[in-house]
There are 2 protein chains.
Amino acid sequence: MATGDDRTTRARVRTITDLARIAGVSPGTVSRALAGKSLVNAKTREKIVGLAREHGFRPNQMASGLRRQKTGVIGVVIPLGHDARQQISDSFFMTLLGYLADELTQEGYDLMLRRVVPGEDADWLDRFIGSGMIDGVIVIGQSDQFALIEDVADGYLPMVVWGNHKEGQRHCVVGTDNRLGGRLAAERLIAAGARRLAFLGDTGPIEFAARFAGAEDAASRMGVSLVALPTLLSPDRASEEIAAHLAAHEGEIDGIFAATDTLAALCLAALREGGIAVPETVRLVGFDDLPIARQTAPPLTTIRQDIAAGAHGLVQLLLRRLAGEETESLVLPPQLVIRQSA
Amino acid sequence: MATGDDRTTRARVRTITDLARIAGVSPGTVSRALAGKSLVNAKTREKIVGLAREHGFRPNQMASGLRRQKTGVIGVVIPLGHDARQQISDSFFMTLLGYLADELTQEGYDLMLRRVVPGEDADWLDRFIGSGMIDGVIVIGQSDQFALIEDVADGYLPMVVWGNHKEGQRHCVVGTDNRLGGRLAAERLIAAGARRLAFLGDTGPIEFAARFAGAEDAASRMGVSLVALPTLLSPDRASEEIAAHLAAHEGEIDGIFAATDTLAALCLAALREGGIAVPETVRLVGFDDLPIARQTAPPLTTIRQDIAAGAHGLVQLLLRRLAGEETESLVLPPQLVIRQSA
DNA sequence: ATGAAAGCGCTAACAG
DNA sequence: CTGTTAGCGCTTTCAT
């Protein structure tokens, strides 16, 4: 007796108005019911919600966003400043991104991701903010864009940045105390017996510069030498450069502080190829404590950044800024993790 | 004499109408000029574009999207089916995500990222598609959601999935030929002298099941044994499980095919701890050819997936589907990369 | 508790 | 070539 087709008379329900018609109420009521507002008769609400589910109806977020002047989307942008292609630090940023996705989801926000090359698009941050698609923005890494970020921060509250904290800066940043981390790394190398230290990595990015500065603090205080071995961050080139550095300084270095674990792993491979014993001849300390740090041979001694705490902090601070509050920066303590490379 | 404040009389220019007023034209003209449409006087356009730049004005994408019925955003969703937390395969997916971001940007699309736990939200895919925020969707990994994806594919064209291809499936997929990859891996192990093989990894996810099946093909054809060593994918547990497996099968296994490089690296560490020589006593082959594969000791022999090509394929196919075309799946060839572990 | 109506900011006919 | 107008789908007063 049943037709077997409940849908005979129905066109697809796409809009709140469609749903209102089949529910026999006005669009306004449907909107209120679906939004769970207080002033709707319980039965009416039930009926509307049921109908919505039955038809797989979901209100259009763009229309809703336009009307309410908010999008429910947070922008996450990764500026690729020093090296347009894959940064070697990608694995760190990508891990952070994963945590951010989880944290934002939990707070009911969607995540819009952009990778930008500031050199090609000087306007990257304003463009993102001005797009009207996002309620706030998280910048992953200051790269070489510190000044630009400072400028934007003056006129735009809902922005939080992952990176290094500098005395008196105006933008809200979350990040590890890189200088302290650098100090810990150098101290460990020295405690392990090293007297002629090297810093492996580009000192251009401000985070890395701070790590180097921290290592310098320790080195000069303890009266040991420290040279910088600048290294581009692209993975293919890095290996060669590292090998060249090692060759150039053969026998002159007995302790290496690598700016990231990824670099440290590469360095370890180069040392192995050169037949240099770690940690006996050269001690090595990394930074980040990525999963790879446990898997090298020998496992890496490194400076741990608490990525989960970082992501949590970024999102919580952003939420407060979205609510209009001016928040302070959050500096997280690094932690020395001793394994076997130093 | 200048006031030093050009902005005296100006309110902030937020809308196309604001800009139209100060340009002395109508909103329609501004819209056309900014969109670079043909039918606008060159001078008028110049003036409008100049004014827009000067005031840092950018049209609101949500409003534009609403009106044009397209958003300029592609959704990228990672279903976390088998393991709600960080999958060990994260590093692979994250790398793919990086490439996707670049490809989509290049095509003028923004990327909206979601990680979902299908177990907690059976409606994850419909919800994303129905949000009205995205023009199309890329699903990274079929996880255990094959059936659901098939269902959705019947009624929604602009979707492409990264994963395994199965004869006669209805959704458009891009991925490596996992079965062939598995075959190559097992053949390599055998060529390197192994006769008692093991597959290390969970065979639940369809990609991994195919890799295992491929290994079985080779093993049975060559008359060697193959056992499955199921391993959960969460990083903390994996290490212990692998060690337990190795202990349980001590001396019975002389060739291991790990489902991913990450697993292989973990396995290598466990073998080292157990004092088992690689590749002399046990040969080891991984899958993916992630950066880590070069950095282990010994470097991993592995099956390479061309991630860049995969990302490119995903985006190009999606673009064609957005244009209304029904596209075929794209199966990429895996490639054996011989290093030193087998 | 519900309906009617007015827009959010933009674009695309349709006129001129 | 440009202005005018009518919405895109939704939320929110303001009435009732």
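Hydrogens, waters and symmetry mates play no part in the numbers below; they use all other heavy atoms, side chains included. None of these values were measured; they are calculated from a predicted model.
- Per the geometry, CG belonging to A:Leu66 stands 9 Å off C1' belonging to D:dC8, to the nearest Å.
- Here the side chain of A:Asn41 is nearest to one of C:dT2, C:dG9, C:dA13, namely C:dT2.
- The nucleotide whose nearest atom lies closest to any side-chain atom of A:Arg67 is, among D:dT2, D:dT12, C:dT2, D:dT12.
- The nearest whole Å value for the distance from the NZ atom in B:Lys47 to the P atom in D:dT2 is 10 Å.
- Listed by chain and residue number, B:Asp110 satisfy the salt bridge (charged side-chain N to carboxylate O under 4.0 Å, His left out) test with A:Arg114 (two or more places apart in sequence, or in another chain).
- Whole-Å rounding puts the B:Gln69 CD to D:dG7 C1' distance at 10 Å.
- Out of C:dC10, C:dG3, C:dC8, the shortest distance to the side chain of B:Phe57 is found at C:dC10.
- Once rounded to the nearest 0.5 Å, the distance linking CZ of B:Arg321 with OG1 of B:Thr327 reads 3.5 Å.
- The nearest whole Å value for the distance from the CZ atom in B:Arg12 to the C1' atom in C:dG9 is 13 Å.
- Taking CG of A:Leu97 as the reference point, atom CG of A:Leu111 lies at 6.0 Å (rounded to 0.5 Å).
- Taking side-chain N and O atoms only, A:Thr17 has no distance below 4.0 Å to OP1 or OP2 of D:dG9.
- Contact annotation: A:Lys37 side-chain N/O to D:dT12 OP1/OP2 distance is under 4.0 Å.
- Nearer to the 5' terminus of DNA chain D, by closest-nucleotide assignment, is the contact made by B:Ala42 (compared with the other of A:Pro27 and B:Ala42).
- Nucleic acid contact for A:Ser31: base, since at least one base atom lies under 4.0 Å from a heavy atom of the residue.
- Rounding to the nearest 0.5 angstrom, the gap separating the CE atom in A:Met112 from the CG atom in A:Asp135 is 11.0 Å.
- Aromatic ring centroids of B:His171 and B:Phe146 lie under 6.0 Å apart.
- Atoms CD1 (B:Ile16) and C1' (C:dT11) sit 8 Å apart, rounded to a whole Å.
- Rounded to an integer number of Å, the gap from B:Ile48 CD1 to C:dC10 P is 13 Å.
- The side chain of B:Thr15 approaches C:dC10 more closely than any other nucleotide in the set C:dC10, C:dT2, D:dC10.
- Per the geometry, CZ belonging to A:Arg32 stands 15 Å off P belonging to D:dC10, to the nearest Å.
- Comparing C:dG9, D:dT2, C:dA12 by their closest approach to the side chain of B:Arg68 singles out C:dA12.
- Among the nucleotides C:dT2, C:dC10, D:dC10, the one closest to any side-chain atom of A:Thr44 is C:dT2.
- Taking atom CZ on B:Arg14 and atom P on C:dC8, their separation rounds to 9 Å, with Å as the unit.
- Of the candidates D:dG3, C:dG9, C:dG3, the closest approach to any side-chain atom of B:Ser26 belongs to D:dG3.
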